[in-house]
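The sequence lines fix the lettering, A, B, ..., with proteins before strands; numbering per chain opens at 1.
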Protein chains: 2
Amino acid sequence: MTPRRAQSNATPNNRYNVRVLDRAINILLVLSDGTPRTLQEISEAIGLSPSTTFRLLATLGCYRLVQKDALNRYSLGLTCLELARAYYESNDLRKVALPELEALRDEVKETVHLAVLEGMEVVYLEKLPGLHAIGLMGSRVGGRAPSHCTGLGKVLLAYCKPEEVKAFFLKNPPRAYTERTITDLSVLERELEEIRRVGYALDRGEHEGEVRCVAAPIFDMRGEVVAALSISGPAGRMEPLETNWTLIEKACKTARTISEKLGFRSKSS
Amino acid sequence: MTPRRAQSNATPNNRYNVRVLDRAINILLVLSDGTPRTLQEISEAIGLSPSTTFRLLATLGCYRLVQKDALNRYSLGLTCLELARAYYESNDLRKVALPELEALRDEVKETVHLAVLEGMEVVYLEKLPGLHAIGLMGSRVGGRAPSHCTGLGKVLLAYCKPEEVKAFFLKNPPRAYTERTITDLSVLERELEEIRRVGYALDRGEHEGEVRCVAAPIFDMRGEVVAALSISGPAGRMEPLETNWTLIEKACKTARTISEKLGFRSKSS
DNA sequence: AATTCTATTTTCATACAATGAAATATAACA
DNA sequence: TGTTATATTTCATTGTATGAAAATAGAATT
């Protein structure tokens, strides 16, 4: 159910890290799978003595970053929500993109997503549900999805350093979600090359069998890809995807508009 | 614009707190007002040497709890969003309440909120926009609102320990947002008593002049008030509020249903 | 381009804060 | 009531977080 995090949760010891903080953050990450845990389970999970774990939890708890339920099990607390709101509201990209995404959604009437790459996985920043029916798509704001089998993921990968992509997938072999999922690294690499060439990505049910999707990259002022947007919907309404030029064009156009608002100067203009 | 936090951000030193963690969390709280800050500003704000602040930020940054922009200013990072998603999805209250709230919204067609009290302020857990028009209400999920002048706030206060309420408002005198806002503590106390008696609260434009609102308390299995829900809309459609019994009854009924799903046994049943 | 100035990174010695082991308290269960 | 299992608390010790200060990078000014 809950997507596994691809990156190891072993402490990424960037030279200057403060040890207690590493440990405390690991507690939060452990709890971020949603399962409430007892002190013991947590102390085991992060490999610390119960006393230490207790104190860390006490500190986190006093700021409501974690909370204890009636049966002494810990889970994430209300303050997480408050921090997210702050992040969310002060996020330039999202602020700039939102009105454009809304216009796009209203035009195509399908679900529109905004996402970034994080640890070679897709993280959704925004989701505008389509106007046809409700709740088909499993994505959530703040949630993750694999990158090798989603339109958003593939666009974002396409503009990563190829050697980093390769390194990642050698360590985390692409898992097959449907019979169309690309599981061969060299096939994936060729696909990414093609995406760079045409400037958009397609997903023909590679993650969820019945879902089709078009995704386009968003550039910032430095010309770096910082995010991507996508239009997704059921196969019935989207096919034939490869020649659905209006959809592809609309996705690319909106992405370009957002990019320009972020300070990107396209070569043609 | 950004609501000030009522509680002091001086370290609440619960006997077992770990100092570095206190400090690091304070950084997050400082940044949670949305203003990007430089290392210097932060180190000043939390009263630590630049070296220490640097290391704390480095650690937080390596987990993307904070991020640095092109001009070396720090703000909250993507991981905040991910933690919030986890909190959000594993939150029992919200999960139980959501379908009931949706039913209520569809029935009354006005905006429905779910909220809890935190530091004597209202924090929104859920917002279901009304079906009439868009974006009238300024509330956000994860956002705060004052308690003395909102329906949600007043219900929640009504079931707090009266001496705590008193102590809080003596320290933080109720601010007037409109000419109807209750700014006198004894008037507020009488209002809360009345709310306890009738079991719901009304807001007649005490926070936002044109908004009217009905709010009802949600109880858990122990009989404690853990949250509240509200129906709010423009004065035009809601007035006369005091005798709008169908609206009041619907709010109370939904609140009771949710309470029962949380294990609350009402005396009458 | 050269220079100054400011802000961030890095080093380092030191104090004291975080640590785990073990003792105690508390809750859950029989 | 006794018996476990779990959560708190205490305490001595070590090692880590700390600020001062030096080095570096980055703007800004000339």
Strictly below 4.0 Å, N to O, side chains only: are [X] and [Y] in salt-bridge contact?
| X | Y | value |
| --- | --- | --- |
| E100(B) | K261(B) | yes |
| R144(A) | E82(B) | yes |
| E193(B) | R197(B) | no |

Within less than 4.0 Å of OP1 or OP2 of [N], is there a side-chain N or O belonging to [X]?
| X | N | answer |
| --- | --- | --- |
| R23(B) | dT18(D) | yes |
| Y16(A) | dT9(C) | no |
| K68(A) | dT8(D) | yes |

Whole angstrom value for the distance that separates [atom2] of [N] from [atom1] of [X]:
| X | N | atom1 | atom2 | value |
| --- | --- | --- | --- | --- |
| L71(A) | dA27(C) | CG | C1' | 11 Å |
| Q40(A) | dA27(C) | CD | P | 16 Å |
| I46(A) | dG20(C) | CD1 | C1' | 13 Å |
| L21(A) | dA17(D) | CG | P | 9 Å |
| F54(B) | dA7(C) | CZ | C1' | 12 Å |
| R55(A) | dC11(D) | CZ | P | 13 Å |
| D22(B) | dA17(D) | CG | C1' | 14 Å |
| L57(A) | dA18(C) | CG | P | 15 Å |

For the residue pair T52(A) and S49(A), confirm or rule out a side-chain donor-acceptor distance under 3.5 Å. yes
Can you tell which of [options] lies closest to the side chain of [X]?
| X | options | answer |
| --- | --- | --- |
| V18(B) | dT9(C), dT8(D), dA18(C) | dA18(C) |
| L56(A) | dA21(D), dA22(C), dT19(C) | dT19(C) |
| T38(B) | dA17(D), dT8(C), dA21(D) | dT8(C) |

By nearest heavy atom, map R19(A) and E41(A) onto DNA chain D; which one lands nearer the 5' end? E41(A)
Between S51(B) and Y74(A), the residue closer to the 5' end of DNA chain D by nearest nucleotide is Y74(A)
Got a second to check how far S32(B)'s OG is from I27(B)'s CD1, nearest 0.5 Å? 12.5 Å
